[in-house]
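The structure appears below as structure tokens.
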Amino acid sequence: RLRPTRPGAQGRWGARVSRESKGRGGKVVTLVRGLALAPEPLAALGKRLRGACGSGGTLKDGVLEIQGDHVERVMGLLQAEGHAVKRAGG
């Protein structure tokens with residue numbers, strides 16, 4: 001069972017990793033939402049994830065976007081770093 005990432009996290013449990021292509025010209029991105037990290041550590045985590053996946057990406061409004069379909073790899077990397085992770089969106 002996943003634990004909340006922070007007290008009062010509005011019922012959200014851990015990080016949610018999903019794949020999305022809407023509004024991106026058919027390009028697929030992997031999204032990581034719900035990590036309770038300050039902006040600087042979140043940006044550093046994004047850099048490590050992008051490097052491990054060998055792709056680009058960005059941090060927008062607290063959501064990490066990684067170019068390409070890397071859901072399984074990202075979930076494994078986040079779990080290895082001790083984050084509670086759940087796949088979202090099938």
Salt bridge (charged side-chain N to carboxylate O under 4.0 Å, His left out) partners of R48, counting only residues at least two apart: E81
SB check E65 R24 (cutoff 4.0 Å): yes
In short, V32 meets A15 closest at the heavy-atom pair CG1-CB, 4.4 Å
With clusters defined by side-chain heavy atoms of hydrophobic residues (ILVMFWY) lying less than 4.5 Å apart, directly or transitively, does L31 cluster with V17? no
Rounded to the nearest 0.5 Å, the OG atom of S21 sits from the NZ atom of K27 at a distance of 11.5 Å
Of all heavy-atom pairs between G46 and L64, which one has the smallest distance, and what is that distance? CA-CD2, 3.6 Å
If Ile, Leu, Val, Met, Phe, Trp and Tyr residues are connected whenever their side-chain heavy atoms lie under 4.5 Å apart, and connections chain through other members, are V29 and L78 in the same group? no
Once you round to the nearest 0.5 Å, how far does CG of L45 lie from CZ of R50? 9.5 Å
V63, I66: one ILVMFWY side-chain cluster at the under-4.5 Å cut-off? no
Mind checking the CZ-CZ spacing from R33 to R16? Nearest 0.5 Å is all I need. 11.0 Å
Minimum heavy-atom separation for A52 and L77, please, with both atom names. CB-CD1, 3.5 Å
Out of curiosity, L42 CG to L49 CG, how far, rounded to the nearest 0.5 Å? 9.5 Å
Nearest 0.5 Å please: distance from the OG atom of S18 over to the NZ atom of K86. 13.5 Å
Starting at CZ of R19, measure out to NE2 of H70 and round the result to the nearest 0.5 Å. 11.5 Å
